[in-house]
Trainee: 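Below you will find the structure I want to go over with you.
Residue numbers count from 1 along this sequence.
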Amino acid sequence: MLLRGSLAAGLRGRLPPLLLVVLAACVAQASEITFELPDNAKQCFYEEIAQGTKCTLEFQVITGGHYDVDCRLEDPDGIVLYKEMKKQYDSFTFTASRNGTYKFCFSNEFSTFTHKTVYFDFQVGEDPPLFPSENRVTALTQMESACVSIHEALKSVIDYQTHFRLREAQGRSRAEDLNTRVAYWSIGEAIILLVVSIGQVFLLKSFFSDKRTTTTRVGS
């Protein structure tokens, strides 16, 4: 299972205690995490991986700025396996070349004032077979084959649900940001119209105001 004690240790001391409790619950149930990445900040995660294990890292920026983030993946020797700058989303698959702790980091250090919300899914190894006898030489029974097909279909449904939830969250964030900009623009237009209207009133008033002229007679 993803994000065992090694990841929890990497997060401890960097996140508030309440968030650690929430992440601990997520660690025990799922291999996916959504976290907030502040501006000028960098967050790293660690995972113990055995040699020959196939792994997949998938991430996506849900909210914040231009929806981009830097991502870097290193092996136990510090060799960079994956590095991308200002990516909105991406997926990378690799096979562990040796035993040890692998490190992947998300960086928002290029942003000066924009927080980001990042989702990632780090899958380590293949799913165990649904039945202990699934890899046997003899064929599965009709019931077992149906269960395996349903299991695979449900996995696809979960993947699609996750994808559409991320799209929905990103779309909602964009809509809220647009709504805020429209509100500020409307307030600015109202203030400008008010100032122009008051200015026009005073200007027209100056045209119709009586101007007193003073005449001076010069005696001869």
Trainee: Under 4.5 Å side-chain heavy-atom separation, chaining through any Ile, Leu, Val, Met, Phe, Trp or Tyr, what else clusters with I150? Say none if it is isolated.
Mentor: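 In the cluster with I150 are L154.
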Trainee: Ignoring hydrogens and geometry, is there a side-chain-to-backbone donor-acceptor pair from Q51 to S97 under 3.5 Å?
Mentor: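 Indeed, once roles are kept as given, a pair shorter than 3.5 Å links the two residues.
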Trainee: For the OG1 atom of T114 and the CG atom of L37, what is their distance to the nearest 0.5 Å?
Mentor: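 Nearest 0.5 Å value for the OG1-CG distance: 11.5 Å.
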Trainee: What closest approach, in Å, do Q88 and H66 show between heavy atoms, and which atom pair accounts for it?
Mentor: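 Smallest heavy-atom distance, with atoms named: NE2-O, 3.4 Å.
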Trainee: Is T56 close to S91 at the side-chain level, that is, under 4.5 Å between some pair of heavy atoms?
Mentor: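 Heavy-atom side-chain distance check passes, below 4.5 Å.
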Trainee: Same hydrophobic cluster for F59 and F122, using side-chain heavy-atom links shorter than 4.5 Å among ILVMFWY?
Mentor: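 Yes, F59 and F122 fall within the same hydrophobic cluster.
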Trainee: Using a 3.5 Å distance criterion without hydrogens, assess whether the side chain of T180 forms a donor-acceptor pair with backbone atoms of E176.
Mentor: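 Pair found, side chain donor or acceptor close to backbone of E176.
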Trainee: So do Y184 and V182 actually touch side chain to side chain, heavy atoms under 4.5 Å?
Mentor: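 The answer is no, as the side chains (C-beta and beyond) never meet within the 4.5 Å cut-off.
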Trainee: Under 4.5 Å between side-chain heavy atoms, counting indirect links through other Ile/Leu/Val/Met/Phe/Trp/Tyr residues: same cluster for V124 and F106 or not?
Mentor: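 Yes; tracing contacts between hydrophobic side chains, which count when under 4.5 Å, links both residues.
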Trainee: Would you say R72 and S107 make side-chain contact, with heavy atoms under 4.5 Å?
Mentor: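 No - every pair of side-chain heavy atoms lies 4.5 Å or more apart.
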Trainee: Measure up the F120 and F45 rings against each other and bin them: parallel (under 30°), tilted (30 to 60°), perpendicular (over 60°).
Mentor: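 The rings of F120 and F45 sit tilted, inter-plane angle from 30° to 60°.
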Trainee: Between the side chain of D70 and the main-chain N/O of K86, is any donor-acceptor distance below 3.5 Å?
Mentor: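 Looks like yes, one N/O pair under 3.5 Å.
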Trainee: Sulfur to sulfur, is the gap between C105 and C71 shorter than 2.5 Å?
Mentor: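 No, because the SG atoms of C105 and C71 are not under 2.5 Å apart, which misses the disulfide cut-off.
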Trainee: Supply the atom-to-atom distance F35 CZ to Y119 OH, rounded to the nearest 0.5 angstrom.
Mentor: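 OH of Y119 is found 12.0 Å from CZ of F35.
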Trainee: Would you name the heavy atoms of S173 and I62 that are closest together and state the gap between them?
Mentor: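 Result for this residue pair: CB-O, 4.3 Å.
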Trainee: Are L203 and L194 connected in the hydrophobic side-chain network, where two residues link if heavy atoms are under 4.5 Å apart?
Mentor: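 No, it is not one cluster - the side chains of L203 and L194 are not joined through contacts under 4.5 Å.
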Trainee: How long is the straight-line distance from CG of D90 back to CD of E84, given to the nearest 0.5 Å?
Mentor: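 Going from the CD atom of E84 to the CG atom of D90 covers 5.5 Å.
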Trainee: At what distance, to the nearest 0.5 angstrom, does CD of E58 lie from CG of D121?
Mentor: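 That separation rounds to 6.0 Å.
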Trainee: Once side chain to side chain donor-acceptor pair (under 3.5 Å) is applied, do any residues pair with S111, and if so which ones, sequence neighbours excluded?
Mentor: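 Once residues adjacent in sequence are excluded, S111 has no partner under the side chain to side chain donor-acceptor pair (under 3.5 Å) criterion.
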Trainee: Answer yes or no: is there a donor N or O on one side and an acceptor on the other, between the side chain of D75 and the main chain of D77, under 3.5 Å?
Mentor: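 Yes, because the side chain of D75 sits within donor-acceptor range (under 3.5 Å) of the backbone of D77.
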Trainee: Salt bridge check: are E152 and K155 linked by an N-O gap of less than 4.0 Å?
Mentor: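 Yes, E152 and K155 are salt-bridged.
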Trainee: Side chains of K83 and L73: does their closest heavy-atom pair fall under 4.5 Å?
Mentor: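 When only atoms from C-beta onward are counted, L73 and K83 do not touch, as no gap falls below 4.5 Å.
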Trainee: Is the number of heavy atoms from other residues, nucleotides or ligands within 6.0 Å of CZ (R167) greater than 12?
Mentor: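 It does not: R167 CZ has 12 such atoms or fewer within range.
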Trainee: Check whether any side-chain heavy atom of T101 lies under 4.5 Å from a side-chain heavy atom of P76, and answer yes or no.
Mentor: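 When only atoms from C-beta onward are counted, P76 and T101 do not touch, as no gap falls below 4.5 Å.
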Trainee: Looking only at heavy atoms, which two atoms of E109 and N40 are closest? And how far apart?
Mentor: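 The answer is O-OD1, 3.2 Å.
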Trainee: Hydrogens and angles aside, do E36 and T117 bring a side-chain donor and acceptor to less than 3.5 Å of each other?
Mentor: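 Side-chain D/A pair, E36 to T117: absent.
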Trainee: From L57 CG over to E47 CD, what is the distance, rounded to the nearest 0.5 angstrom?
Mentor: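 With rounding to 0.5 Å, CG (L57) is 11.5 Å from CD (E47).
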Trainee: Per the ring pair (Phe, Tyr, Trp, His ring centres under 6.0 Å) rule, what does the pair list look like for residues 70-97, sequence neighbours excluded?
Mentor: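 Output for this query lists Y82-F92, F92-F94, F94-Y102.
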Trainee: When you measure from the side chain of K116 to the backbone of G65, do you find a donor-acceptor pair of N or O atoms at a distance under 3.5 Å?
Mentor: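 Side chain of K116 to backbone of G65, a donor-acceptor pair under 3.5 Å: no, none is there.
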Trainee: So which heavy atom on P38 is nearest to which on N108, and how close?
Mentor: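 In this case the closest contact between P38 and N108 is O-ND2, 3.2 Å.
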Trainee: Hey, is the main chain of V61 close enough, under 3.5 Å, to the side chain of Q170 for a donor-acceptor pair?
Mentor: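 Checking the backbone N and O of V61 against the side chain of Q170, a donor-acceptor pair under 3.5 Å is found.
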Trainee: If I take atom CD1 from residue I187 and atom CD from residue E189, how far apart are they, to the nearest 0.5 angstrom?
Mentor: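 With rounding to 0.5 Å, CD1 (I187) is 11.0 Å from CD (E189).
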Trainee: Should R181 and D177 count as an ion pair when the cut-off is N to O under 4.0 Å?
Mentor: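 Judged by the 4.0 Å cut-off on N to carboxylate O distance, R181 and D177 do form a salt bridge.
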Trainee: For the residue pair T112 and D39, what are the closest heavy atoms and their distance?
Mentor: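 Looks like O-OD2, 3.1 Å.
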